[in-house]
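Read through the structure below, which is laid out as structure tokens, and then see the notes.
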Number of protein chains: 2
Amino acid sequence: MQKETLSKNQKIILDYIEKVNEPTKAYSILHNVQKKGIKAPLQVYRALDRLVEIGKIHKIESRNAFVACKNSNCQISKATAFSICESCEEVSEISDHKLSKYLKTFQEKAGMKFNKYNLEFFGLCKKCSIK
Amino acid sequence: MQKETLSKNQKIILDYIEKVNEPTKAYSILHNVQKKGIKAPLQVYRALDRLVEIGKIHKIESRNAFVACKNSNCQISKATAFSICESCEEVSEISDHKLSKYLKTFQEKAGMKFNKYNLEFFGLCKKCSIK
DNA sequence: AACACTATGTAATAATATAACATTAAATAG
DNA sequence: CTATTTAATGTTATATTATTACATAGTGTT
């Protein structure tokens with residue numbers, strides 16, 4: 001884990017992402033934190049980059065959106081897995097020990113020096129399955 | 001598998017992607033097929049959408065790039081895995097039977113009706129590891 | 001021929017992300 | 001404590017990626 005102390009902008013952005021509690025896009029963040037003095041996209045993107053780096057948030061690549069990490073100050077920002085509902089766009093972070101262990105083992109066998117993976121499952125969440 | 005016959009634009013775009021044989025971005029495709037009469041981004045994006053849908057190509061989500069499917073007319077466009085070198089950006093498609101079986105089983109156990117997944121490993125490829 | 005369906009053409013614009021440069025704050029080595 | 005380096009900030013402009021909207025043309029039915 002890296003540095004614990006966040007800068008002013010990093011705190012503002014993280015607070016917002018944690019508050020909304022669902023995948024949030026950079027420009028939506030920007031609009032919502034302008035009252036806190038964040039004026040430009042770059043201020044948001046810089047904070048996002050750093051927050052991803054230290055595992056406080058994750059990027060949902062297929063959606064260009066960001067969510068707070070649920071795995072208690074994520075040690076595992078380098079091993080992320082999500083399920084994404086294609087109907088309501090609900091995203092939840094998967095923390096399945098066996099899965100992450102399996103993928104870690106898989107990484108080690110392959111010819112590449114891996115240091116990270118991201119897995120996204122797509123489908124219908126329980127609610128949307130019923131409808 | 002869906003319809004085999006590709007339209008004119010779809011052929012042009014697929015041919016190009018297969019020719020370059022590495023992840024290629026939409027606007028790079030556009031620039032390179034303009035001599036074939038493709039003039040606008042939308043023509044590219046529409047063909048890309050369709051080609052992804054029928055499994056002829058895949059999108060590397062973390063790179064906003066597209067590659068031709070290597071798994072013989074991909075039956076498995078719904079189950080994709082890639083390794084990505086963070087140094088040279090080389091991407092290769094992983095076709096590991098055990099891995100896809102494991103992830104398929106995992107999907108079935110979870111509370112969601114999955115119908116697709118995408119897995120991206122990041123690290124250093126063999127060449128770049130040596131350097 | 002009428003209908004549905006898929007694909008196309010074109011212009012405009014939206015949404016996502018970075019480059020470049022100047023400045024300030026924080027961390028740490030001498 | 002102050003010089004130096006490192007991280008963060010502020011700001012403007014611009015690059016990159018992707019979609020909306022609307023008109024037209026081809027293809028395959030029934």
Side-chain angles (χ1 to χ4, degrees), chain A residues 1-17 20 22-67 84 86 89 91 118 120, chain B residues 1-17 20 22-67 84 86 89 91 118 120:
Chain A
M1 201 58 195
Q2 312 220 22
K3 189 168 78 163
E4 283 298 322
T5 65
L6 300 177
S7 75
K8 191 189 67 169
N9 287 1
Q10 289 159 10
K11 274 195 209 89
I12 293 171
I13 308 289
L14 179 58
D15 283 353
Y16 179 73
I17 295 174
V20 298
E22 61 181 15
T24 315
K25 294 176 161 245
Y27 276 75
S28 159
I29 295 169
L30 176 59
H31 294 136
N32 282 285
V33 297
Q34 277 180 335
K35 50 203 165 206
K36 307 240 172 186
I38 308 280
K39 286 174 192 157
L42 198 45
Q43 295 176 290
V44 174
Y45 280 104
R46 286 200 279 226
L48 289 174
D49 283 353
R50 187 82 180 102
L51 291 168
V52 165
E53 204 177 295
I54 64 179
K56 293 286 188 182
I57 65 173
H58 303 302
K59 182 170 187 181
I60 312 298
E61 293 287 356
S62 65
R63 298 296 185 264
N64 299 315
F66 300 84
V67 280
I84 302 169
E86 290 179 306
E89 292 294 321
V91 169
N118 179 56
E120 299 181 7
Chain B
M1 203 57 195
Q2 314 219 20
K3 188 167 80 159
E4 283 298 321
T5 65
L6 299 176
S7 75
K8 189 189 69 175
N9 287 0
Q10 288 158 11
K11 274 195 210 88
I12 293 171
I13 308 291
L14 178 58
D15 283 353
Y16 178 72
I17 295 174
V20 297
E22 61 181 15
T24 314
K25 293 176 163 246
Y27 276 75
S28 158
I29 295 169
L30 176 58
H31 293 138
N32 283 285
V33 296
Q34 278 182 334
K35 49 202 164 207
K36 306 241 173 184
I38 307 278
K39 286 173 192 158
L42 195 45
Q43 296 176 290
V44 175
Y45 280 105
R46 285 200 281 227
L48 289 174
D49 283 352
R50 187 84 182 100
L51 292 169
V52 166
E53 205 176 292
I54 63 179
K56 292 287 189 183
I57 65 172
H58 304 301
K59 182 172 187 180
I60 311 299
E61 294 287 355
S62 65
R63 298 297 186 261
N64 299 316
F66 300 84
V67 278
I84 302 168
E86 290 180 306
E89 292 293 322
V91 169
N118 179 55
E120 298 180 7

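Proteins come first, then strands; the chains are lettered A, B, ... in the order of their sequence lines, and each starts at number 1.
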With Glu86(A) via salt bridge (Lys or Arg N to Asp or Glu O under 4.0 Å) - residues at least two apart
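Testing Glu86(A) for salt bridge (Lys or Arg N to Asp or Glu O under 4.0 Å), a comparison that skips the adjacent residues, returns Lys116(B).
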Any residue meeting salt bridge (Lys or Arg N to Asp or Glu O under 4.0 Å) with Glu22(B), in chain and number order, not counting sequence neighbours
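Residues passing salt bridge (Lys or Arg N to Asp or Glu O under 4.0 Å) with Glu22(B): none at all.
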Checking Ile12(A) now: which residues fulfil side chain to side chain contact (heavy atoms under 4.5 Å, CB included) with it, not counting sequence neighbours?
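Partners of Ile12(A) by the side chain to side chain contact (heavy atoms under 4.5 Å, CB included) criterion, ordered by chain and then number, come out as Lys8(A), Asn9(A), Val33(A), Lys36(A), Ile38(A).
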Please name all residues satisfying side chain to side chain contact (heavy atoms under 4.5 Å, CB included) with Leu14(B), sequence neighbours left out, ordered by chain then number.
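Partners of Leu14(B) by the side chain to side chain contact (heavy atoms under 4.5 Å, CB included) criterion, ordered by chain and then number, come out as Leu6(B), Glu18(B), Leu51(B), Lys56(B), Ile57(B).
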Less than 4.0 angstrom between a side-chain N/O of [X] and OP1 or OP2 of [N], yes or no?
{"X": "Lys8(B)", "N": "dG9(C)", "value": "yes"}
{"X": "Ser7(A)", "N": "dA7(D)", "value": "no"}
{"X": "Arg50(A)", "N": "dA7(D)", "value": "no"}

Atom [atom1] of [X] to atom [atom2] of [N]: distance rounded to whole Å?
{"X": "Leu6(B)", "N": "dT6(C)", "atom1": "CG", "atom2": "P", "result": "15 Å"}
{"X": "Ile38(B)", "N": "dG9(C)", "atom1": "CD1", "atom2": "P", "result": "7 Å"}
{"X": "Leu51(A)", "N": "dA7(D)", "atom1": "CG", "atom2": "P", "result": "16 Å"}
{"X": "Asn9(A)", "N": "dA7(D)", "atom1": "CG", "atom2": "P", "result": "17 Å"}
{"X": "Lys11(A)", "N": "dT9(D)", "atom1": "NZ", "atom2": "C1'", "result": "14 Å"}
{"X": "Ile13(A)", "N": "dA8(D)", "atom1": "CD1", "atom2": "C1'", "result": "13 Å"}
{"X": "Ile12(B)", "N": "dA7(C)", "atom1": "CD1", "atom2": "P", "result": "14 Å"}
{"X": "Leu30(A)", "N": "dT16(C)", "atom1": "CG", "atom2": "P", "result": "11 Å"}

What's the separation between atom CD in Gln10(A) and atom CG in Leu48(A), rounded to the nearest 0.5 Å?
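Nearest 0.5 Å value for the CD-CG distance: 10.0 Å.
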To the nearest 0.5 Å, tell me how far Leu30(B) CG sits from Gln34(B) CD.
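Interatomic distance, Leu30(B) CG to Gln34(B) CD, rounded to 0.5 Å: 4.5 Å.
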Give the B/S/- string for nucleotides 11-23 of chain D, one per nucleotide from 5' to 3', where a protein heavy atom under 4.0 Å of the base yields B, of only the sugar-phosphate yields S, and otherwise -.
BB----BBBBB--
Within the structure provided, determine whether Glu120(A) and Ser62(A) are in side-chain contact (heavy-atom separation under 4.5 Å).
yes
Estimate the overall bend of the helix from dA1(C)-dT30(D) to dG30(C)-dC1(D) from the end axes over five pairs each, rounded to 10 degrees.
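For the helix from dA1(C)-dT30(D) to dG30(C)-dC1(D), the axes at opposite ends meet at about 40°.
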Nearest heavy-atom pair of Glu89(A) and Arg63(A): which atoms, and what distance?
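Residues Glu89(A) and Arg63(A), closest heavy atoms: OE1-NE, 2.6 Å.
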The side chain to side chain contact (heavy atoms under 4.5 Å, CB included) partner of Phe66(A) among Val44(A), Thr24(A), Ile60(A), Val52(A) is Val52(A)
